[in-house]
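One structure below.
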Amino acid sequence: MTEQQKVHPVSDDFAANAWIDKEKYQALYRQSVDDPEGFWADQARRIDWIKTPTRIKHTSFDSHNVDIRWFEDGSLNASANCLDRHLETRGDQTAIIWEGDDPNDAKHITYRELHARTCQLANALKELGIGKGDVVTLYMPMIPEAAVAMLACARIGAVHSVVFGGFSPDAVAQRVVGAKSRLVITADESVRGGKHVPLKDNVDAGLTRPGTEVAEKVLVVKRTGGEVDWKEGRDVWYHELVDKQSTDCPAEEMNAEDPLFILYTSGSTGAPKGLKHTTGGYLTYASLTHQYIFDYQDGEVYWCTADVGWVTGHSYIVYGPLANGATTLMFEGVPSYPTHGRMGEIVDKHGVNILYTAPTAIRALMAHGDSVMDSSQRDSLRLLGSVGEPINPEAWEWFYRVIGNSRCPIVDTWWQTETGGILISPLAGAVDLKPGSATLPFFGVIPGLVDNEGNLLEGATEGNLVILDSWPGQARTIWGDHDRFIQTYFSTYKGMYFTGDGCRRDEDGYYWITGRVDDVLNVSGHRMGTAEIESSLVAHEAVAEAAVVGFPHDIKGQGIYIYVTLTEGVESSDELKKELTQWVRKDIGPIASPDVIQWAPGLPKTRSGKIMRRILRKIAANECDGLGDTSTLADPSVVEELIEHRAIR
Ligand code: PRX
């Protein structure tokens with residue numbers, strides 16, 4: 001049997017205690033698609049509403065008028081749902097276990113403490129003049145204050161926009177300007193793998209860019225005590241302002257469709273786009289998926305290894321788990337520090353029951369052999385999860401056998417920044433697992449596969465993954481640019497949400513995501529637009545033209561392969577390669593580091609001047625035999641030249 005055909009059936013023991021078993025899955029899924037209004041009206045009861053919604057679903061994917069509203073006459077507060085409503089029943093339970101980069105650093109924060117700290121910051125934000133509808137940019141380390149900041153914004157109706165702490169000053173600036181953000185919350189430095197990253201310096205540098213004057217204040221958490229520059233009148237120490245505030249702050253009543261947050265993500269063209277997520281639908285969906293997909297049981301310790309800078313951190317470190325009264329673990333560091341056994345050691349130290357991580361992390365550990373897990377037992381684990389990119393069956397089996405001691409089911413969860421929560425995933429008590437497949441849709445989700453003309457395909461087949469109807473966690477628009485939202489997601493295939501992913505469906509109806517079909521890369525689970533990297537490169541004076549493609553990479557999933565045509569008169573050299581690598585790292589962030597740069601005297605273009613990326617992808621993957629038809633190229637000899645000098649053989 002090949003790895004791809006292997007099936008791990010649902011374990012009876014697991015199903016006996018799970019929230020959802022086979023029968024329940026079938027019945028609830030049916031109801032969710034036959035009667036979405038009834039289904040979602042029921043599910044919304046998991047949330048505490050100030051005003052219970054009576055209008056449940058008002059959604060249109062019509063490309064002339066994309067309009068997505070859920071629970072639109074309801075009102076609530078997300079922070080009250082994550083905090084206040086737990087105080088009576090679980091005030092003294094740990095809400096957040098914080099594990100520092102240094103293995104000797106850890107903290108437990110109860111729901112009561114988290115509530116108090118959130119109220120204090122919320123009051124401080126008010127003192128800074130921030131209120132309902134204002135956008136606050138967070139550029140923070142993985143410290144409890146990051147969660148507190150998100151919840152404090154939610155409490156007063158401010159909209160947070162989290163920027164991943166690995167991004168550059170320019171990325172911060174771009175997002176501050178794009179969202180007209182009035183306040184930035186950051187820290188002096190972050191600490192990862194023993195190294196300090198100067199977050200405050202980056203903010204200072206970013207805020208010198210034109211348009212960033214909108215950010216009137218910068219609130220700075222003292223994390224390391226490292227030296228920082230100080231701009232009087234603009235910069236405020238977090239502890240000086242926040243510690244003196246009252247621990248009581250009423251939660252603002254928000255309409256279900258009021259924005260909760262903006263999160264920027266990369267697309268195939270242009271600058272990153274800020275997806276807008278709203279309050280009622282998002283929270284209902286994050287909470288429901290967290291409970292059922294991770295089969296979260298009261299009292300368990302749940303650990304998602306993502307960063308709060310990504311959507312995974314929003315939905316499955318902060319909002320989903322806290323809305324459910326869970327104990328969520330937040331890890332500041334990296335899984336390889338101080339040793340490669342760290343992840344397992346954290347599981348043992350805190351008795352983690354549910355571990356949600358990324359294929360790239362699993363492959364990185366796997367490369368060190370089974371013995372990397374010798375320093376831990378991991379007996380507390382009950383369920384494992386994977387997210388961010390396709391998981392190859394070998395990595396799946398290793399995750400299962402070595403990390404999970406062949407005891408724990410794995411949920412391979414497919415979703416996107418745009419979807420707000422998981423759309424395709426097994427429920428471990430209900431769905432037999434096939435390594436490498438995200439399996440079946442979650443409640444209310446209707447996936448479809450279409451050919452390039454947009455015809456829906458039936459049965460076992462392969463095509464472009466679309467979603468046929470709305471679900472409550474869906475992004476409502478691109479901040480400030482609804483036309484772009486429609487153009488990007490609803491105009492390729494009329495009346496359908498296009499995911500940008502390719503996918504196969506097998507004879508059991510299981511979905512196998514094959515990766516992006518647009519010009520978006522997925523490097524170590526980080527999403528990046530080729531156009532962003534290209535525009536960074538052509539801004540360098542030595543570069544006349546650049547084309548960026550992905551290529552298969554053993555650990556990262558995809559690596560970044562760059563073809564560069566130099567400006568006339570510029571000599572190629574290894575120094576120049578290093579310089580360009582640094583240039584991109586500085587411009588976008590270290591996650592965009594090129595893996596390979598190939599000098600290209602010319603790029604393969606059609607007669608109308610369009611770069612034929614298909615050919616560049618093949619050469620980068622060293623699949624030079626199957627280049628297909630090159631007769632439409634303006635100059636076919638360019639291809640021979642690129643093949644001859646390709647970097648990977
Ligand atoms: O290509 C898919 C891949 O990640 C993309 C979404 O990236 P982002 O918005 O950054 O969100 C990542 C975390 C939700 C998707 O279009 N992707 C995500 N999860 C999976 C996946 N590909 C295959 N299998 C998955 N489980």
Side-chain angles (χ1 to χ4, degrees), residues 44 46-51 70-71 74-87 95-96 109 111 113-128 130-138 140 144-163 179 181-185 219 242 245 247-263 274-287 290 308-309 311 313-326 328 330 420-421 472-473 475-476 479:
R46 62 176 31 254
I47 292 303
D48 278 3
W49 296 88
I50 298 167
K51 180 175 177 303
W70 285 89
F71 313 123
S75 66
L76 73 162
N77 182 282
S79 135
N81 270 282
C82 291
L83 300 169
D84 307 44
R85 67 169 175 160
H86 303 313
L87 293 183
I96 296 179
I109 299 166
Y111 272 96
E113 286 162 346
L114 189 61
H115 174 264
R117 289 211 214 176
T118 299
C119 287
Q120 284 186 307
L121 177 56
N123 285 324
L125 293 179
K126 286 188 190 168
E127 195 176 313
L128 291 173
I130 301 296
K132 195 169 181 169
D134 287 329
V135 178
V136 177
T137 299
L138 312 185
M140 299 188 75
E145 286 82 354
V148 169
M150 292 163 78
L151 294 167
C153 288
R155 195 159 192 93
I156 61 168
V159 181
H160 58 74
S161 164
V162 185
V163 180
S181 174
R182 297 189 49 212
L183 170 74
V184 178
I185 308 182
L219 189 60
V242 176
Q245 303 289 336
T247 56
D248 188 28
C249 173
E252 192 78 30
E253 177 171 356
M254 305 299 287
N255 179 267
E257 283 300 333
D258 281 337
L260 178 61
F261 65 86
I262 309 172
L263 191 56
L275 274 316
K276 172 175 128 178
H277 283 283
T278 58
T279 310
Y282 171 82
L283 197 66
T284 304
Y285 198 76
S287 152
H290 173 263
V308 288
V311 74
H314 284 60
S315 303
Y316 299 115
I317 295 178
V318 179
Y319 287 112
L322 295 178
N324 291 344
T328 180
M330 209 173 163
R476 304 303 195 244
W479 194 257

Given side chains that start at C-beta, do those of [X] and [Y] come closer than 4.5 Å, heavy atoms only?
| X | Y | answer |
| --- | --- | --- |
| Lys276 | Thr278 | yes |
| Val242 | Glu145 | no |
| Arg117 | Leu83 | no |
| Ser161 | Trp479 | no |

Nearest non-hydrogen partners of [X] and [Y], listed with the distance:
| X | Y | result |
| --- | --- | --- |
| Ala78 | Leu283 | CA-CD2, 3.9 Å |
| Leu76 | Ala256 | CD2-CA, 3.9 Å |
| Ser287 | Arg46 | OG-NH1, 2.6 Å |
| Cys249 | Ile156 | SG-CG2, 4.3 Å |
| Ile262 | Ala179 | CD1-CB, 3.9 Å |
| Leu219 | Leu183 | N-CD1, 4.2 Å |

Any side-chain to backbone donor/acceptor pair from [X] onto [Y]? Under 3.5 Å, distance only.
| X | Y | value |
| --- | --- | --- |
| Lys132 | Met254 | no |
| Ser181 | Val135 | yes |
| Asn255 | Glu257 | yes |
| Asn81 | Asp48 | yes |
| Trp49 | Gly280 | no |

Any chance you could lay out the side chain to side chain contact (heavy atoms under 4.5 Å, CB included) test for Leu260 and Tyr319, step after step, and finish with the verdict? CA-CA 11 Å; Leu260 178 61; Tyr319 287 112; 3.8 Å; yes
Donor-acceptor pair between Tyr282 and Ser315 side chains, under 3.5 angstrom: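 Side chains of Tyr282 and Ser315: pair found under 3.5 Å.
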Tyr285 ring center within less than 6.0 Å of Trp70 ring center: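 So the answer is no for these two rings.
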From [X] atom [atom1] to [Y] atom [atom2], the distance as rounded to the nearest 0.5 Å:
| X | Y | atom1 | atom2 | answer |
| --- | --- | --- | --- | --- |
| Asn77 | Cys82 | CG | SG | 9.0 Å |
| Lys126 | Glu252 | NZ | CD | 7.0 Å |
| Arg182 | Leu128 | CZ | CG | 9.5 Å |

Would you mind writing out the side-chain donor-acceptor pairs for residues 146-154 within the sub-3.5 Å range, not counting sequence neighbours?
none

Using the test side chain to side chain contact (heavy atoms under 4.5 Å, CB included), find all partners of Ala95 that sit at least two apart in sequence or belong to another chain.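 For Ala95 the side chain to side chain contact (heavy atoms under 4.5 Å, CB included) partners, ignoring immediate neighbours, are Tyr111, Leu114, Leu322.
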Which residues pass the side chain to side chain contact (heavy atoms under 4.5 Å, CB included) test with Gln245, not counting sequence neighbours?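 With sequence neighbours excluded, Gln245 shows a side chain to side chain contact (heavy atoms under 4.5 Å, CB included) to Gln120, Asn123, Ala124, Glu127, Leu241, given in chain and number order.
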By salt bridge (charged side-chain N to carboxylate O under 4.0 Å, His left out) - contacts of Asp258 (at least two apart):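 Salt bridge (charged side-chain N to carboxylate O under 4.0 Å, His left out) check on Asp258 returns nothing, list empty.
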Can you list everything that forms a salt bridge (charged side-chain N to carboxylate O under 4.0 Å, His left out) with Asp248? Sequence neighbours excluded, please.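 Partners of Asp248 by the salt bridge (charged side-chain N to carboxylate O under 4.0 Å, His left out) criterion come out as none, since no residue qualifies.
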Parallel, tilted or perpendicular, judged at 30° and 60°: which one describes the rings of Phe261 and His277?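 Ring orientation, 0 to 90° scale: tilted.
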If the plane angle is over 60° it's perpendicular, under 30° parallel, otherwise tilted; pick one for His160 and His314.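 Taking His314 first and then His160, their aromatic rings sit tilted (interplane angle of 30° to 60°).
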Using side-chain hydrogen bond (donor to acceptor under 3.5 Å, both in side chains) as the criterion, list what pairs up with His86, not counting sequence neighbours.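 Checked His86 against side-chain hydrogen bond (donor to acceptor under 3.5 Å, both in side chains); zero matches.
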Just to verify, which of Val308, Ile185, Val163 counts as forming a side-chain contact (heavy atoms from CB on, under 4.5 Å) with Met140?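 In the set Val308, Ile185, Val163, the residue that makes a side-chain contact (heavy atoms from CB on, under 4.5 Å) with Met140 is Ile185.
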